[in-house]
Each structure stands twice: as structure tokens, then as C-alpha cells.
Amino acid sequence: MHSGTLNSPIWSIAITPMDERYDPHTIEPRWREQWERTDLYLTREDPGRPKFYVLEMFPYPSGNGLSVGHLHNYVPCDVVGRYKRMAGFNVLHPMGWDAFGLPAENDALLKGLHPKETVPRYAANFKRQLKLSGCAYDWTREINSSSPDYYRWTQWFFLLLHRRGLAYRAPGSQWWCEKCRTILANEQVINGCCWRHPDTVVTRKELDQWYFKITAYADRLIEDLDGIDWPEPIKLMQRNWIGRSEGAELAFPVSGHAGQEVRFFTTRPDTVFGVSFMVLAPEHPLVTAITTGAQRAAVEEYVAQARRQSEIERLSTVKEKTGVFTGAHARNLFSGKDIPIWIADYVLMGYGTGAIMAAPGEDERDFAFAKKYGLEIPIVTAPADGSAAPADRAFTERGVAINSGFLDGLKTSDAISAVCKYAEAHGIGRPTVSYRMRDWLISRQRYWGCPIPIVYCPTDGIVPVPEDQLPVLLPDMKDYEPSGTGRSPLANVAEFVNTVCPKCGGPAERETDTLDGFACSSWYFLRFASPHYAAAPFDPRAGDYWLPVDLYVGGAEHAVMHLLYARMWTKVMFDAGLIKFKEPFPALRNQGMIWAADGQKMSKSKGNVVTPDAMVEKYGADALRLWELFMGPFEEATNWNEDGVFGTARYLQRVWAVVRRYIEAGCPPGDPAAETLRRAHKTIRTVTDHMERMRFNTALATMMDQLNYLAKLTPGETGRFAIESYVLMLAPMAPHLGEEFWRALGHDGSIHLESWPTFDPELTRDETVTVIVQVNGKVRDRLQVPAGQGEAANTAAALNCGAVMKLMTGKSYTKIIYVPDKLVNIVV
RNA sequence: GCGAGAGUGGCGGAACGGCAGACGCGCAAGGCUCAGGACCUUGUGAGGGAAACUUCGUGGGGGUUCAAGUCCCCCCUCUCGCACCA
């Protein structure tokens, strides 16, 4: 842990006259060199200062390098880090690489290389580009999730989850992507396709898999959203993804099959009296047991056909509902009727119990199904206002129970509790909560990932690798191509697979699947607190100091994957007493997407990628940074437009001219006019406010505005305060040029260790104000009046001005609206 | 289908319910240049007018208000998320 001081380094750069023209290509490399030489960006732990931890989402270092689109995340975060440091914080701004996982492996396979060679090379290129862009990271804290120093702790966390009963192995039907040649988690299936391959429909595969029990945290993941400062759409996506719904789980006996029952979940137990049939998912285990001989052929064919269907077809909501009668009946224990049991693919095996009670009078899907197959449609809920329930569609709203025995007359909410109470008393069921979210499937049948630290022993079964034997090293493999059979390539490495049981010492085999890459990124933010700590994933002292992350920034595409997983792990760590906070990222912001100039996604194949390298070469890093900040609101998407970089380069040129003129004039201390002083203080006030709110585009607009003002003054009229405060505020955005100016102004230390300028509210006060004069809400005149002269004087002035007099001749006003020092509206 | 967000000049975008279009790009005119995607100055929403001025104008339609880009209702378009979750 470095504990340097905030003492400024001594530059090895002499003060020389400023060139006439601003030339970023001479300025920028020399300051980058100075920063490295003096370790300017080492994290400094100063107990006298509050800490600020700003973090970008863990990037995968792609072989394509960074584009100007990626910088729209990194540059603003860098500005925040630099601003916060100047504003008095100890700033932690680290960077590392999400290097394990499919993208790295696929890329290496494609190029016939090994990820252990490509990953460091690509990461070095990212690092070079980030440095080139003037981003200030403490590179002594660089981490890499594919390094054994790192993944031994990923494995350690796996064991922690396992010990706490949150990692388990289970068989099941899983999503398989043929292109990835591995199993995917539910979150990684989008529109029935692989999240990495939108053109590849996922299929089902039966395999034993490892899961993390994220569903055990479902309620807390929802509840704790209330206390964190995240964009509302992201919170909403998480709530919807978790999909909590309250209802009841009930069971009806299958007629003629003693001991067999259909268990089902419903959110509307109040409609049980209207249940006229039941539907099982085609994969439901009960199907074979209860299907009658007469129906067997039809049922088997339907099940086979459902299996063949792609998920896309199956999940299509526009598709007409289909199903087949099993021949069996269940006894509706409420209405006392025997009701037919059907199978249909609109019932999903993966949700609830894979079976439903159909209340066609109150559910659109059941209604459509009943209509199609001529099933009975009882009506058991009426609108609360006493009107009749519609006959041509399901009445899905809440209302009052009718035709429902002991529920008649009860409001829906009361009827729900009554059914639950009755069901519990009679052993039919109980109130329960169901979630859309499933457990997180974490095993991957691929090579380039964190090995799961588990051993299979013929006598002891599933045995976790003891902590002191970590890391389970990923073996070196030349031919690591996935087989596509559902077995990891690691299964072919005998030296890896064959091991001894940690319990009995007998021969045993290692787990050969690797962990989902999202496991690696579920705890990396902790590692940055003490990246070289060898005794634990993080030094508890450093963790207490730096965590949680004060500002987390990344794309909205991670709303239900990374952000949900990292939150779950954090809660597990909290429960285990490792950390004192429940949420890893108390404040989250999403940067807007930067599309290419043609409005499409920047991609190599489309040939529309713009690199920072090219922009720095042409305009300089500071100009590029400024355009990243100025092109629009940080959180909104926009198209790339290179002309903008030219514009911000021109702005820097103009700043150069103004500062240079001031320095050439011998830096006159100045006795600025009140107006000039006021403008300087107002600029500080506005820019500070915009920086705090991450409104970089308007912060820069304010700076440009102020420059236009300063450019009209002589150096003597400007004064040192206006120039230096301006340069200080420019420094986080244009760090190279800021440093150059600071040196040229005669300072020896780094501008980035200086304090952010402060303003005097007294000096921002205007002496005169413009009062808008309106007649009937239309602007008719503007008056320059002394500030704070009061309502009487202002309304009198407004009534006496020419424009008003002209309009008012022969009329009288009914009312005057007065907004102090702003507006007089005369209502005629 | 459900949910969320967004529609403002030629373009990117500014506007605590109170001067719509800040700031910038582009464009135009002028200056300066051997030259320039350089630099400087001025102008630049639309219509009308010689001008002072004036009318219209924030996707469309209603409404609330002294006053609406901003608040409310309906509609249209685009982007994103979820897509039979019982």
C-alpha cells in the first residue's frame, strides 16, 4: 500500500516562452512522461481526506482495442477522478481486465493463438490507449482475472458460497449455444438466442450443472434497490427480472390415481371455483403417469413436437395456443368438479411448478385456450362497481367473487386470503411467493475460465478443494478447442483430472467445467482496495477504508447480469461477515452509447470504427477528451462526429491564445473590474455545479462562454484570479494542457494536485438585472434595473415603458404578476 | 402485447413553470493570407417588412395556468428492456 503525500513532484521541465501556436503533439507526450516519472497517479492514503472510489465496469480487453465510443465511459470517469482529487478527496481510480471467458477464448481460437498470449498483449494495448488518452489510473493496482493470483480468490469465493449452501450441483435441461459450445445462464439468453450470438437460437441439453442460489437472495435484491442511487430504468429492469409474485401453491388430486396430485402456483387463488381445467407443461413428470391409453399417441406426439420447437417459436406470444387432452381428470377441491387435465406449451416447466389451474373467466390465456378447445368458461369474478363481467373476454381485473361458494361477495384481496386460509387448514396448499428469476447457472464447458475447485471422489462424493490447496491451476493446453459434446476440454488433460480426494486420499477426479466469467467480475471491485494482498481476497483494513464504490459507471446492457450477480455476491460476503456494506455500488450511472457517424454500431466488420489513436494523432488527446465530454449529456446516446473534435481543438487553441497573451504581458496581477470578477466567480459556481452533476457538456459550454468573455479583455483587465481559476477548472478535462499552463504560469507542482477553485457568493451577485416585461404573457420589453429594487419600482417601470404604453392605450390592467428581479406580467 | 425512456434550427445539443434555440458544428459575408478543413470579425429558426418591427414556431391534438419545450389527458414516431412467468 502506497502512502505517499500530496507533495507536488518537481518537474524536470523548464519554463520557456509559450509557442505562438498550441501544439498538442509536443505538449502531451512530455506531460505523460512526467506523470509516469513522478508516479503522479499513485493512490495516496491521507487520513485527513475523505475517500472517493470511482470505478468503470471491468472491461474485457478486446483485440480490436478501444474506440472513441469506449472512451465515452473512461474519459468522464477520469474527469470525475481528477475533479474529486482537486476537490479534496483521496481518489481511488483503478483499472483491470476481465480476461477470463469466452470472448478471449473465441478470439484466440479464431487466430490460432493461445489466450495466455493474446490476453496480456491486448491488455497492454488497452493500457497504452488509456494512457494516450490522458486517463489517470493507479497502474500499480492493475489486476487481471485470468491470473492465478486473482482467480485463486474467485475459487475461494466459490468455496465460500459452497460452504454456505449457495453453490449446488443439479441435473436439468439447460440452454446450450452451439456457437459458444457451452451452457448459458438464463440471463444470457436473449429473445431465445445467445447473448453473444443474436443469430443463434439456443437449444436444450440435459446436463449436470453447477448453480449459485441467487433465488435465495431474491427478496433482498429487490428490497435493497430502494436504498441505492441508480438510474430508475435499471432498478426497474432488475425488479422485473427477479419478477416476484405473491400467490398460493395449491394441489388437486388426480382422479383415479391415488396419491398423485397436480401441484400448481397461482396469483389468483380467489378464482379457484372457476377452475374448469388444468394444464401441465409438456415436460411435466406427471404427464406419462396419468395419460390414458386412448390419448397416449396424441400426447406423445405433442410432447415430441414441443421438444423439436425452437424456443423462439415456443415463446412467441402471437402464436395460437395449442394443447392436447391427457384423458385424465383432477378433482377441483373447491367446486367439487372433476376437471380435465391438458398439456400445452404455453405452460412453462421452468416457472412455478410447471402446472397451472386454468381460470378462463379471469385469465386471457386460459380464455383463449378454452375457446379454442370448447372448454367450460365459468365466471367467478365480477367488476367491483356491480356491472356485469364481460362475456367475450376474460375479466382479469380485481373485483368481487361470484359463483364461488364461501367466497361470494368477497373483494378479490379478501377472497385470496380466505382461500389461503382454507387451503392451509385443509392441507391443500399455502400462500407462497414465486420468482421469475432462476438460479444462476455457472458451469461452462470451456477451457479459458476459472476452474471450479471441486473434486469427485467415489467414496466421499462431491468434495470441495481445501482453501490451502488453492489455486486449482488452469493447466496449459495446446488444443483447447471445445468438443461440442458438453464436456469441457479439460476432461482430456489426465494430469489435471486425476487427483486425490482431499478427504480420504483415494483416487478422485476434478471437476472439469470452468466458472462463468461473470463470477470473476462479481468481486473484482474489492480486489482493487488491496490488489497484492496475499492472505485473503482483500485486506480488511483497506476494504474498510475504500469500499464500497462511490461512483460506478458502465453500460446499461449489464442491468440484469453483472449488476445482479455482483449485488448477490456482496450480500453473501456481508452475511459471512467479510464486509460491512450490503450494496457494492451505492451510486451507478450509465454512459450513453456512441454510435458511429452512420448511426450504426461501431464495428470492425462495418469499417466505421474510429480509434482514439487516430484522433490523438490528428487533434491531440485533450481535444478528443473535450469532445467526448461536450458532444452531449453523458448519459445519452449520440452519433460520433469527428468535426466536433476539430471544434474542441479550436477552442483549446483559443484558450492557448488568451493564456499566452496574459503570460507574455508578464502575468499582471490585475485590478479587474467588478464585472470581470463577478464573471470569474459565477463561472466557478456554474462549472462546479455541473461537475458535481456530471453535466460535462454544459460545464464545458460555460467554460467556452467565459473564454469568449476573457478574450475580449486586455491582460491587465483580466487579472490573475480569472486566468488561474479558469486553468484549474480546465485541468481535469484537458489534463495535459492544464499542466502546461500551470507550469507556464510559474508553478512548479502538478496542477492535478492543486485545489479546485472556490467562489465567493457575495461576488457572484449581480448589480443590475434584466426584468422581462410581458403583456398577457407575451414579452414586450426588457428593462435593465438595479438588482433588488422591489416590486413597486419594477412594476411602475414596466407600466411606463414605451412598448407597454403603446399596447395599454385605452385599456386598463386587471392583474400584475411579479417575479422578483425577473419578470413583470401585465394581464389586460 | 406489456414496461421504460426520448421527440427542440441543416447537425450535436441548452433552457429552477418565466427572454426558446445557451455553447459548439456547419453555412454565409468580410478581413488576413502565396496557400490552407488555418486564424480573426460579423451574421445565421421560419414567414412578412426598406426599416423600426411583427406574426408563427419545441412530433400531433386537447387541457391546466397570468405564463407550458417544461405540468395533465389522448394520439403518432423512434430507441431500449421483457416477451404466454400462471
Side-chain angles (χ1 to χ4, degrees), chain A residues 20-21 190-192 231-241 243-245 247 264-269 271 278-279 281 312 314-319 321 344-348 350-359 362-366 368-369 434-438 556-557 559-560 593 595 618 626-627 630-633 635-651 653-654 657 695 697-708 711 770-782 803 813-819 822-828:
Chain A
E20 198 173 328
R21 305 268 320 151
I190 298 180
N191 288 332
E232 275 310 315
I234 301 287
K235 289 190 184 183
L236 194 63
M237 272 191 247
Q238 291 215 341
R239 284 195 194 95
N240 290 342
W241 184 264
R244 182 182 201 276
S245 47
F264 56 90
F265 174 75
T266 175
T267 53
R268 288 293 301 275
T271 61
M278 309 207 70
V279 188
I312 286 213
R314 175 145 178 204
L315 291 176
S316 168
T317 46
V318 291
K319 193 190 73 170
K321 296 194 176 10
D345 63 6
Y346 79 92
V347 175
L348 309 173
Y351 183 77
T353 63
I356 62 156
M357 62 172 219
E362 286 73 32
D363 183 282
E364 281 173 32
R365 297 153 301 183
D366 299 341
F369 196 80
S434 189
Y435 301 92
R436 203 187 86 104
M437 181 174 69
R438 324 280 163 79
E557 67 273 16
V560 292
M593 183 84 186
W595 307 101
K618 258 174 129 167
L626 255 50
W627 179 242
F630 189 62
M631 59 197 299
E635 303 197 56
E636 272 163 46
T638 189
N639 289 7
W640 178 253
N641 174 14
E642 189 181 319
D643 289 343
V645 192
F646 183 78
T648 51
R650 175 154 58 196
Y651 158 72
Q653 174 66 56
R654 282 165 38 79
R695 300 294 301 246
N697 58 328
T698 48
L700 204 39
T702 307
M703 292 288 283
M704 290 174 173
D705 213 14
Q706 171 69 350
L707 182 74
N708 292 341
T770 306
V771 169
I772 310 305
V773 180
Q774 296 182 330
V775 175
N776 285 339
K778 282 198 173 176
V779 179
R780 294 300 173 180
D781 208 349
R782 299 168 176 84
Y813 61 85
T814 54
K815 191 154 95 167
I816 292 183
I817 308 289
Y818 176 68
V819 182
K822 259 195 170 163
L823 172 135
V824 177
N825 187 10
I826 300 157
V827 186
V828 178

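Each chain gets a letter, A, B and so on, in the order its sequence line appears, and its residues count up from 1.
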Span that lies between the P atom of B/G24 and that of B/C34, in whole angstrom: 29 Å
Donor-acceptor side-chain pairing of A/Asn708 and A/Arg654 below 3.5 angstrom: yes
Separation between the P atoms of B/U58 and B/A68, rounded to whole Å: 11 Å
Side chain to side chain, A/Val827 and A/Asn776, heavy atoms closer than 4.5 Å: yes
Rounded P spacing from B/G9 to B/G60 in Å: 10 Å
Base partner of B/A51, which must satisfy Watson-Crick or wobble distances under 3.5 Å: none
Mutual orientation of the aromatic rings belonging to A/Phe265 and A/Tyr351 [parallel < 30°, tilted 30-60°, perpendicular > 60°]: perpendicular
Pairwise C1' distance for B/U70 and B/U65, with rounding to whole Å: 13 Å
Any side-chain heavy-atom pair of A/Met631 and A/Trp640 under 4.5 Å: yes
Min side-chain heavy-atom separation A/Lys815-A/Asn825 under 4.5 Å: no
Candidates B/C19, B/C84, B/C23 - which lies nearest the side chain of A/Lys321: B/C84
Euclidean distance, atom CD of residue A/Glu557 to atom C1' of B/U79 [Å, nearest integer]: 15 Å
Per-nucleotide protein contact string for nucleotides 6-18 of chain B (B base, S sugar-phosphate only, - none; heavy atom under 4.0 Å): ------BSSSB-B
A/Val347 side-chain proximity, nearest of B/C66, B/A86, B/C19: B/A86
A/Arg780 CZ to B/A52 C1', straight-line distance once rounded to whole Å: 15 Å
Any side-chain heavy-atom pair of A/Met437 and A/Val560 under 4.5 Å: no
Touch class at under 4.0 angstrom, heavy-atom based, for A/Gly647 against every strand present: sugar-phosphate
Nucleotide nearest A/Leu236 (side chain, heavy atoms from C-beta), chosen from B/A20, B/A4, B/C66: B/A4
Min side-chain heavy-atom separation A/Ile356-A/Asp366 under 4.5 Å: yes
Nearest-nucleotide comparison on RNA chain B, the residue closer to the 5′ end among A/Thr702 and A/Ile826: A/Thr702
Atom P, compared across B/G13 and B/A22: separation rounded to whole Å: 15 Å
Sugar-phosphate, base or nothing in reach of A/Asp366, heavy atoms under 4.0 Å: nothing
Nearest-angstrom distance from the residue atom CZ of A/Phe369 to P of B/A86: 18 Å
Residues, nucleotides or ligands: over 12 heavy atoms within 6.0 Å of A/Glu557 CD: yes
Expected output: side-chain A/Trp627 to main-chain A/Asn641 donor-acceptor under 3.5 Å: yes
Any strand: nucleotide that pairs with B/G45 via Watson-Crick or wobble, under 3.5 Å: B/C56
C1'-based separation of B/G43 from B/U77 [nearest Å]: 35 Å
Nucleotide paired to B/C80 in any strand shown, Watson-Crick or G-U, under 3.5 Å: B/G3
Interatomic distance at P, B/C23 relative to B/A15, whole Å: 13 Å
Counter-base of B/C39, judged by Watson-Crick or G-U geometry with both distances under 3.5 Å: B/G31
Check: A/Arg21 main-chain N/O paired with A/Gln653 side-chain donor or acceptor under 3.5 Å: no
Distance, rounded to the nearest Å, where A/Met237 contributes CE and B/A4 contributes P: 12 Å
Whole-Å gap separating P (B/U65) and NZ (A/Lys815): 10 Å
Check: A/Gly350 main-chain N/O paired with A/Arg438 side-chain donor or acceptor under 3.5 Å: yes
P-based separation of B/A38 from B/A29 [nearest Å]: 15 Å
Sugar-phosphate or base contact per nucleotide [nucleotides 28-48 of chain B; S, B, -; heavy atom under 4.0 Å]: ---------BSSS--------
Spacing of A/Lys778 atom NZ relative to B/C56 atom C1', expressed in whole Å: 9 Å
B/G9, syn or anti by chi within 90 degrees of zero: syn
